[in-house]
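Heads up, the thing below is written out as structure tokens.
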Amino acid sequence: MPKITIDDIELEVEAGLTVLQACELAGKEIPRFCFHERLSVAGNCRMCLVEMERAPKPIASCAMPVGDGMVIRTDTDLVKKAREGVMEFLLINHPLDCPICDQGGECDLQDQAVGYGYDRSRFGESKRAVDDKNLGPLVKTIMTRCIHCTRCVRFATEVAGVPELGATGRGEHMEIGTYVEKALTSELSGNMIDLCPVGALTSKPYAFMARSWELSKTESIDVMDALGANIRVDARGPGVMRILPRNNDDVNEEWLSDKGRFANDGLARQRLDKPYVRKDGKLAPVSWDQAFAAIAGRLDGMDGAKFAALAGDLVDTEAMAALKDLMAALGSNNIDCRQDGASIGEGARAGHLFNSTIAGIDEADAILIIGSNPRWEAPVLNARIRKRYLEGGLSIGVIGEALELTYRYEHLGAGTDALAAITDGTSPFAGVLKDASKPMIILAAGAVARPDGAAVLAAARAIAESSGAVRDGWNGFNMLHSRAARVGGIEVGFLPGASGLGTNAILDGAASGAIEAVYLLGADEIDMSRLGDAFVIYQGHHGDAGAHRADVILPGAAYTEKNATYVNTEGRAQRAQLATFPPGDAREDWAIIRALSAVLGKTLPYDTLSDLREKMTMANPVFGAIDDIIRADWGTFGEAGALSSDDFNSEIENYYITDPISRASETMARCISEILQGSAPRTGTDG
């Protein structure tokens with residue numbers, strides 16, 4: 001490894017690092033605007049200048065690779081003067097917008113100007129002004145502030161894979177834009193706001209809403225998809241002002257999907273803030289005691305076999321564990337967390353997990369995607385596949401819709417005939433998988449929600465075994481979920497018990513009258529017309545489909561309003577933290593179920609959240625391994641059978657509205673009108 005001396009500190013560093021990164025390892029902070037660890041080197045801001053022995057002038061440390069014997073100085077008078085000169089040039093055309101700029105208090109330019117700025121300008125000419133660009137409903141532009149660092153351009157091209165931004169003109173006439181004015185169509189466009197070192201790109205929904213120092217900051221977990229991205233919830237008073245990503249290299253690196261970032265305004269709309277009971281065909285507000293009494297009166301004497309419960313896609317594991325215990329106490333095994341009726345959760349645990357882990361994508365050299373649109377089902381995971389693709393040596397095959405996934409792939413077919421060809425080895429891509437050292441199969445959870453779902457799951461397992469995707473030290477069989485609560489529900493065991501009914505059977509039973517009462521725990525994605533005349537209890541946080549059908553409504557807490565556990569698609573248990581309190585009379589979901597159990601005469605054996613979590617951990621150690629993964633043993637899952645001739649389609653038809661929160665969001669509604677409806681559909685296999 002090269003040896004380098006930095007300010008009289010000698011250290012060994014890895015070959016391939018830049019001088020800037022070596023300086024960081026030596027504890028020296030180097031100012032920068034264009035450099036970013038996850039983007040290619042541009043070297044165009046020149047703020048990171050350092051002095052190198054035997055070099056005729058200061059060097060840009062971000063663009064200079066380390067070499068053995070280098071001697072670097074970061075704190076000489078020459079370095080300071082050079083950086084001050086760069087700063088003076090940057091501020092020549094920069095507007096004095098700090099008092100009204102949303103980046104104020106979090107601006108890299110502000111921070112560096114404190115150390116390298118000058119209290120007056122020697123520039124006597126007119127300042128440059130640039131027209132603002134309309135980039136759609138999410139990203140606001142004030143392009144006069146732009147310092148041409150090109151971070152946004154490089155992110156769009158390299159990470160998002162949607163190269164819509166670029167530069168036109170030269171010198172002071174250079175402008176960053178979309179060439180032809182249009183809305184950004186990437187599902188990761190909000191990350192450009194985080195990357196922008198000045199106030200040129202800011203959040204349009206958050207514009208002029210709050211200052212950073214006014215906000216309380218809470219670390220939590222995103223539930224807009226099943227990736228489990230680490231986030232920070234910034235709140236002021238009772239309202240969530242914004243949501244930002246936190247760095248976690250094993251899960252989301254430092255990126256966040258647009259829905260996870262911008263759907264937070266839906267948290268304040270269409271909320272359920274008090275209990276309701278249907279009287280004379282209309283829902284009327286009541287007290288908690290009256291709501292519980294109405295439920296107790298209806299369930300009194302009812303056979304447990306006639307009572308059923310369904311859990312939704314945003315429900316935390318504590319709530320499902322409590323409801324499962326309550327249903328068992330009432331004598332009912334009719335419970336299910338799979339609103340779509342997917343054939344998962346029965347058999348080996350490896351059959352419903354992303355076994356190679358999200359970080360394992362970095363090691364794969366062949367990927368088969370079955371029935372999934374990862375760009376919509378997990379945008380950040382799709383960006384990770386693209387990152388691995390750009391490194392080279394990765395073959396990707398897709399069975400399903402021919403979509404633009406931001407990387408080049410081989411479209412193997414749309415239906416089960418292509419799956420069968422891989423299974424029996426007649427497809428050339430079967431040989432690609434067998435020849436790979438670490439092949440990976442990514443099966444969409446939606447692909448097993450079909451009538452032949454169990455057969456599809458068995459076929460995917462057979463491919464994994466025959467291709468060598470499952471071997472010592474590597475399990476390349478992966479199920480990609482898009483629903484945040486699904487894996488947690490399976491791990492809790494919120495599945496039909498002995499002689500119990502699953503989702504479709506529960507709905508059929510409700511329609512026929514065999515099921516007389518249904519408890520919907522945040523379940524809004526089912527066909528409510530199939531509930532027939534059943535007595536419906538809805539517990540949730542938004543006035544969505546389930547609330548409209550309910551006979552009793554119990555107002556719960558959204559994911560930002562409770563301390564809760566979620567399990568992501570790879571089986572990693574993570575904790576969301578309370579950032580704001582639920583509105584009105586709404587309460588945490590597990591506490592509502594615990595209180596109801598006492599009224600029903602079936603008091604659950606825990607009074608605190610810690611007691612409930614201890615019971616969950618005793619039943620399944622996954623819930624005790626917070627932020628870690630307990631590997632799943634390989635085994636049998638799925639059921640071999642006939643495959644239908646239907647094509648595979650992604651379970652997400654509209655990326656921007658997939659749950660009660662995003663459906664209540666005005667920002668997501670604007671995305672639909674300006675992005676989805678404002679641009680032609682894109683298909684193809686070129687990345």
>> On the six-membered ring of Phe648, is Arg450 placed so that its NZ or CZ lies under 6.0 angstrom from the centre and within 45° of the ring axis?
In response: yes

> Taking the side chain from Arg246 and the backbone from Asn230, do they hold a donor-acceptor pair closer than 3.5 Å?
Replying inline: no

> In Å, rounded to the nearest 0.5 Å, how long is the span from CD of Gln574 to OG1 of Thr317?
Replying inline: 11.5 Å

>> Could you walk me through whether Phe354 and Leu381 satisfy the side-chain contact (heavy atoms from CB on, under 4.5 Å) test, starting with their C-alpha distance in whole Å, then the side-chain angles of each, then the deciding distance to 0.1 Å, before giving a yes or no?
In response: CA-CA 11 Å; Phe354 205 95; Leu381 182 140; 3.9 Å; yes

>> For the backbone of Leu353 and the side chain of Asn355, can you confirm whether one donor and one acceptor N or O come within less than 3.5 Å of each other?
In response: yes

> Between Lys324 and Val492, is there a donor-acceptor pair closer than 3.5 Å when you use the side chain of the first and the backbone of the second?
Replying inline: yes

> Judged by atom type as modelled, is there a donor-acceptor pair below 3.5 Å linking the side chain of Asp452 to the main-chain atoms of Ala455?
Replying inline: no

> Is the shortest distance from a Lys or Arg side-chain nitrogen in Asp589 or Arg587 to a carboxylate oxygen in the other one below 4.0 Å?
Replying inline: no

> Is the centre of the Phe637 ring less than 6.0 Å from the centre of the Phe477 ring?
Replying inline: yes

> Would you find a donor on one side and an acceptor on the other, under 3.5 Å apart, between the side chain of Glu525 and the backbone of Gly312?
Replying inline: no

> With no hydrogens and no angle check, do the side chains of Thr218 and Ser220 hold a donor and an acceptor under 3.5 Å apart?
Replying inline: no

>> Less than 4.5 Å apart, side chain to side chain, heavy atoms only: is that true for Leu604 and Ile593?
In response: yes

> So, do Thr416 and Asp646 sit near enough that their side-chain heavy atoms are less than 4.5 Å apart?
Replying inline: no

> Between Asn373 and Glu401, is any side-chain donor less than 3.5 angstrom from a side-chain acceptor?
Replying inline: no

> Between Asp607 and Arg594, is there a salt bridge with N-O shorter than 4.0 Å?
Replying inline: yes

>> Please give me the minimum heavy-atom distance between Ala445 and His481, naming the atom from each residue.
In response: CB-ND1, 3.7 Å

> Would you say the side-chain atoms of Asp527 and Ser529 include a donor-acceptor pair closer than 3.5 Å?
Replying inline: yes

>> With side-chain contact (heavy atoms from CB on, under 4.5 Å) as the criterion, how do Leu184 and Val162 come out once you've worked through the C-alpha distance, each side chain's angles and the decisive distance to 0.1 Å?
In response: CA-CA 9 Å; Leu184 298 175; Val162 186; over 6 Å; no

> When Asp544 is tested against each of Arg663, Arg271, Arg269 for salt bridge (Lys or Arg N to Asp or Glu O under 4.0 Å), which residue passes?
Replying inline: Arg663

>> For the backbone of Cys671 and the side chain of Glu674, can you confirm whether one donor and one acceptor N or O come within less than 3.5 Å of each other?
In response: no

>> For Tyr559 and Ile231: C-alpha separation, side-chain torsions, deciding distance, then whether side-chain contact (heavy atoms from CB on, under 4.5 Å) applies.
In response: CA-CA 12 Å; Tyr559 73 104; Ile231 60 173; 4.1 Å; yes

> For Phe623, which of Thr617, Leu612, Ile630 qualifies under side chain to side chain contact (heavy atoms under 4.5 Å, CB included)?
Replying inline: Thr617

> Is it the case that more than 12 heavy atoms not belonging to Lys204 sit under 6.0 Å from its NZ atom?
Replying inline: yes

>> Within the supplied structure, the quantity of interest is the number of heavy atoms (other residues, nucleotides, ligands) at a distance under 6.0 Å from Asp533 CG; does it exceed 12?
In response: no

> Under 3.5 Å, is there a donor-acceptor pair between the Glu377 and Ser650 side chains?
Replying inline: yes

> How about Asp336 and Thr503: does a side-chain donor come under 3.5 Å of a side-chain acceptor?
Replying inline: yes

> Near Gln577 CD, under 6.0 Å, is it more than 12 heavy atoms from other residues, nucleotides or ligands?
Replying inline: yes

> What distance do Leu267 atom CG and His541 atom NE2 have between them, rounded to the nearest 0.5 Å?
Replying inline: 8.0 Å

>> Let me confirm one number: the CG-OG distance from Leu501 to Ser332, rounded to the nearest 0.5 Å.
In response: 8.0 Å

> Does a salt bridge link Arg486 with Asp313, judged by any charged N lying under 4.0 Å from a carboxylate O?
Replying inline: yes

> Is any NZ, NE, NH1 or NH2 atom of the basic residue among Asp325 and Lys615 found under 4.0 Å from an Asp or Glu carboxylate oxygen of the other?
Replying inline: yes

>> One thing to verify: whether Glu187 and Lys259 come together as a salt bridge, which I'm taking to mean a side-chain N less than 4.0 angstrom from a carboxylate O.
In response: no

> Is a side-chain N or O of Asp273 found less than 3.5 angstrom from the main chain of Ala586, in a donor-acceptor match?
Replying inline: no

> Measuring from Asp234:CG to Met241:CE, what's the distance to the nearest 0.5 Å?
Replying inline: 10.0 Å

>> Check this for me, if you would: do Arg298 and Asp300 make a salt bridge, where the nitrogen-to-carboxylate-oxygen distance has to be below 4.0 angstrom?
In response: no

> Only one of Lys562, Arg575, Arg613 clears salt bridge (Lys or Arg N to Asp or Glu O under 4.0 Å) with Asp316; which?
Replying inline: Lys562

> Sub-3.5 Å donor-acceptor pair from the side chain of Asp225 to the main-chain atoms of Ser482, do we have one?
Replying inline: no

> With a 4.0 Å cut-off, would you call Asp585 and Lys274 a salt bridge?
Replying inline: no

> CG of Asp258 to CG of Asn191: how many Å apart, nearest 0.5 Å?
Replying inline: 7.0 Å

>> Taking Gly239's backbone N and O only, do any of them form a donor-acceptor pair with Thr580's side chain (distance below 3.5 Å, no angle check)?
In response: no

> Does a side-chain heavy-atom distance below 4.5 Å link Arg242 with Leu215?
Replying inline: yes

>> How long is the straight-line distance from SG of Cys337 back to CG of Leu323, given to the nearest 0.5 Å?
In response: 11.5 Å

> With no hydrogens and no angle check, is any side-chain donor or acceptor of Gln339 less than 3.5 Å from a backbone partner on Asp524?
Replying inline: yes

